[in-house]
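In what follows, a structure is listed as structure tokens, so that the remarks can point back to it.
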Amino acid sequence: MHPLFPQTTSAWPPKDTAAVLQEYCLGKLQVQIEAAGFGRIVKELRARRFDTWEWYQLARRADRLAAAQNQTQGLLALEHLRERWQETGVIPYEHQIRTAERVIHELHGQAILADEVGLGKTIEAGLILTEYMLRGLVKKVLILTPANLIWQWYYELYEKFGLAAGIQRTPWDWTYADVLIASLDTAKREPHASIVKSIVYDLLIIDEAHKLKNSSTASYRLVNSLQKKYCLMLTATPVQNDLKELYNLIGLIKPGQLGSYQSFKRRFMADKRTPKNPRELRQLLDQVMIRNRREEGTVRFTERIVHPIIVALGPREQEIYLRVSEFIKSRGRRAGPSSMLPLITLQREVCSSFLAVALTLEKMMASLAEAELAEAAALLKDLAEVKQNSKCDALERLVAQFSDKAIIFTEYRASQEYIRYRLERAGYRTLAFDGSLSRGQKQWVRHLFQREAQFLVSTESGGEGLNFQFCNLVVNFDLPWNPMRLEQRIGRVHRLGQMRDVHIYNLITKDTVEEHIMYLLHKKINMFESIIGELDAILLHLNLGKSFESEIMKIFLEHEEREQIQAQLDGLAEKILSSRDEIRAASWEG
């Protein structure tokens, strides 16, 4: 009986790779092994030194022999998990099954799973892990993930696959847990790194693998040094800033697949962001990377239904908004690009709550020149005296129409606290979700939200890590300027497992910068109605000198008239759409 599958009654384990290797060494090819230097290989094996050419050849032959003895087609895991999935309501999608079969039967357990966001890469990895364990080819497993995803992995494996994985807390866990989930940041530090490097893993799984894009980092060096038979790397963004990142990731899975970096540059890089010979590159990537896309009809998602709600500011609010905007513009023109970040923050906050603006302005005052200090102090005094918040008034009217749970997103902690104060005062049960919570606290808040509270008021951290398919109402109290961050918010709800249409309510302050952002995202690039799975590649392809937010801020600093601003945003939208068309035409991703 297998320890991680107590319900399994078949003999465990079947002939594992170690036994196969022993058979192989003692069998009819022993003469060839001895000719290759059998004694030296045995010494290296005992010393756990697996980096010689002889060892590499021997390991490949052993794996082929093991594979030949495990040629069962299809997936044993589907029948094994049938009863559990019926109880939990899990229905594997066809693309997930195809991916698992291809990794096992064609890619020999070495693969980058690069599906677009929300297509279920974790399910694919869990299915592959379960299959290998059922076949007796995998026992010792390490799953490296960002710290905020550890508990999500734990629950996914337990609920959907019946795997009771360990969570790394002490140095002893590395050795004694058969299936261990750990933070990559912890694993790369001593004394952990030395322990992990000394262990031979049957399967290594790395989530958010794009974090390994830089070959000079400690994380990359650690993963590159790990002893592993099979390796899965999960990322929705195999390329973010440079095609060299893709080269580095492929090198961790299948060294030499793309040749040397110099030859890769000559053959496949028009510049660091634009590939050439895309068909040839895609053929090479297909041998190690699987990328399922939404647009290919991989899975049918429920609809996104958008409800723009225009909020008119009161006269006093409008006056303060104009004064803050003028302060931002005058300072931006004097200070230049180096001081752009706090100004962008102020310009976004003024459409959220004056309380958030006041706190940021107060921090900025320490670095202001004397001439600006007086203006900022007067502005801060007036901000403190404004008691009205028209946007919160509109929010209260909106939620009074809801009969179900909703997630209310804001970018700012001050706005989050004010929203909760207003809703609690109106008699609603709310919960806060933000970056100050530990992993366990976030899981607990999610549990309480699912079971009890009606509204979860979340900052941007709610757009990462945890999924909320049990909720289908999203309220954007304020809009992030970067469409990727907006997509991350919606993606927590609108993803696999969501059975209902998702309603998105956007609170837009009239005659403010927020109206222009809504114009760009909704009217021009149709951000809400369709999921832009290519958005990460599009923003990369735009090759903006600064961030997306800085590009928008530049437009607002340089132009005063509404028509001028919209014309500039039209130009930015055209760049986005043409980049999308170019990416689709090249279609070089695997």
Side-chain angles (χ1 to χ4, degrees), residues 306-333 340-361 379-380 382-383 385-398 408-412 414-416 418-419 422 475-483 485-486 489 504-525 527-528 548-570 572-573:
V306 185
H307 308 271
I309 299 173
I310 305 301
V311 179
L313 297 177
R316 181 64 171 150
E317 290 177 296
Q318 188 69 37
E319 176 196 342
I320 295 292
Y321 170 81
L322 293 173
R323 285 179 57 195
V324 171
S325 295
E326 186 51 45
F327 173 81
I328 291 167
K329 287 190 174 186
S330 61
R331 177 162 174 75
R333 288 164 185 149
M340 191 71 78
L341 184 59
L343 298 178
I344 291 173
T345 301
L346 270 182
Q347 188 68 71
R348 294 200 318 244
E349 284 175 334
V350 76
C351 296
S352 180
S353 71
F354 289 164
L355 177 59
V357 177
L359 292 174
T360 300
L361 188 59
L379 193 52
L380 190 62
D382 289 341
L383 284 166
E385 292 175 354
V386 178
K387 304 303 181 186
Q388 184 181 10
N389 189 305
S390 297
K391 192 175 262 191
C392 256
D393 296 341
L395 177 65
E396 282 193 37
R397 292 192 296 270
L398 173 65
I408 302 168
F409 279 107
T410 177
E411 293 204 72
Y412 311 107
S415 297
Q416 178 194 41
Y418 183 69
I419 292 167
R422 289 284 300 265
V475 179
N476 289 307
F477 186 79
D478 41 54
L479 286 176
W481 289 11
N482 190 320
R485 295 173 70 186
L486 183 58
R489 287 182 179 184
I504 303 158
Y505 297 86
N506 299 306
L507 298 179
I508 313 297
T509 44
K510 191 176 184 333
D511 297 324
T512 69
V513 64
E514 210 163 44
E515 251 193 322
H516 294 298
I517 298 299
M518 186 65 178
Y519 170 79
L520 173 66
L521 299 182
H522 184 31
K523 300 269 185 177
K524 300 304 295 182
I525 64 173
M527 175 74 204
F528 295 96
F548 192 85
E549 292 92 333
S550 296
E551 192 74 9
I552 291 177
M553 190 66 186
K554 181 182 173 185
I555 291 172
F556 290 119
L557 287 177
E558 293 178 354
H559 303 279
E560 295 286 345
E561 299 298 324
R562 181 187 187 94
E563 292 75 15
Q564 294 175 324
I565 292 172
Q566 287 205 348
Q568 293 296 314
L569 292 176
D570 286 345
L572 181 57

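Both backbone and side-chain heavy atoms feed into the values below; hydrogens, waters and symmetry mates do not. Counting begins at 1 with the first residue of the sequence.
- Across all non-hydrogen atoms, the minimal contact from Thr410 to Arg489 is C-NH2, 3.8 Å.
- Nearest heavy atoms, Phe354 versus Tyr321: CZ-N, 4.3 Å.
- In terms of modelled atom types and a separation under 3.5 Å, the side chain of Glu317 and the main chain of Ser390 share a donor-acceptor contact.
- Between Leu359 and Ala414 the shortest heavy-atom distance is CD1-CB, 3.6 Å.
- A donor-acceptor pair under 3.5 Å is absent between the side-chain atoms of Asn476 and the main chain of Ile504, judged by distance alone.
- Of the options Asp478, Ile310, Ile517, Leu479, a side-chain contact (heavy atoms from CB on, under 4.5 Å) to Asn506 is made by Leu479 and by none of the others.
- Between the side chain of Gln318 and the backbone N or O of Gly314, no donor-acceptor pair lies under 3.5 Å.
- Qualifying salt bridge (charged side-chain N to carboxylate O under 4.0 Å, His left out) partners for Glu563, counting only residues two or more places apart in sequence or in other chains: none.
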Output, in order, the C-alpha distance, side-chain angles, deciding distance and verdict of side chain to side chain contact (heavy atoms under 4.5 Å, CB included) for Asp393 and Arg422. CA-CA 9 Å; Asp393 296 341; Arg422 289 284 300 265; 2.5 Å; yes
Report the C-alpha separation of Arg316 and Gln388 in whole Å, then their side-chain angles, then the decisive distance to 0.1 Å, and conclude whether the side chain to side chain contact (heavy atoms under 4.5 Å, CB included) test is met. CA-CA 9 Å; Arg316 181 64 171 150; Gln388 184 181 10; 5.6 Å; no
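- By the 4.0 Å N-to-carboxylate-O rule, Glu326 lies too far from Lys329 to be salt-bridged with it.
- Proximity of a side-chain donor or acceptor of Asn389 to a complementary backbone N or O of Cys392 within less than 3.5 Å is detected.
- Judged purely by atom type and a 3.5 angstrom limit, Thr509 has no side-chain atom pairing as donor or acceptor with the backbone of Thr512.
- The shortest non-hydrogen separation linking Met518 to Pro308 is CE-CB, 3.9 Å.
- To the nearest 0.5 angstrom, Tyr505 atom OH is 4.0 Å from His307 atom NE2.
- Smallest separation of non-hydrogen atoms from Ile408 and Phe477: CG2-CB, 4.3 Å.
- Under the side-chain contact (heavy atoms from CB on, under 4.5 Å) rule, Cys351 has a single partner from Leu313, Val513, Val357, Val324, which is Val513.
- Listed by chain and residue number, nothing satisfies the ring pair (Phe, Tyr, Trp, His ring centres under 6.0 Å) test with Phe327 (two or more places apart in sequence, or in another chain).
- Once rounded to the nearest 0.5 Å, the distance linking OH of Tyr418 with OG of Ser353 reads 8.5 Å.
- Atom CG of Asp570 sits about 12.0 Å away from atom CD1 of Ile565, to the nearest 0.5 Å.
- Nearest heavy-atom pair across Ala312 and Lys510 is CA-CB, 4.2 Å.
- In this structure, Thr360 contributes its side chain and Ala356 its backbone to a donor-acceptor pair below 3.5 Å.
- A salt bridge links Asp382 with Arg323; the closest basic N to acidic carboxylate O contact falls under 4.0 Å.
- For Lys391 (side chain) and Val311 (main-chain N/O), no donor-acceptor pair under 3.5 Å exists by modelled atom type.
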Side chain to side chain contact (heavy atoms under 4.5 Å, CB included) between Leu572 and Leu520: does it pass, once the steps are laid out? CA-CA 8 Å; Leu572 181 57; Leu520 173 66; 4.1 Å; yes
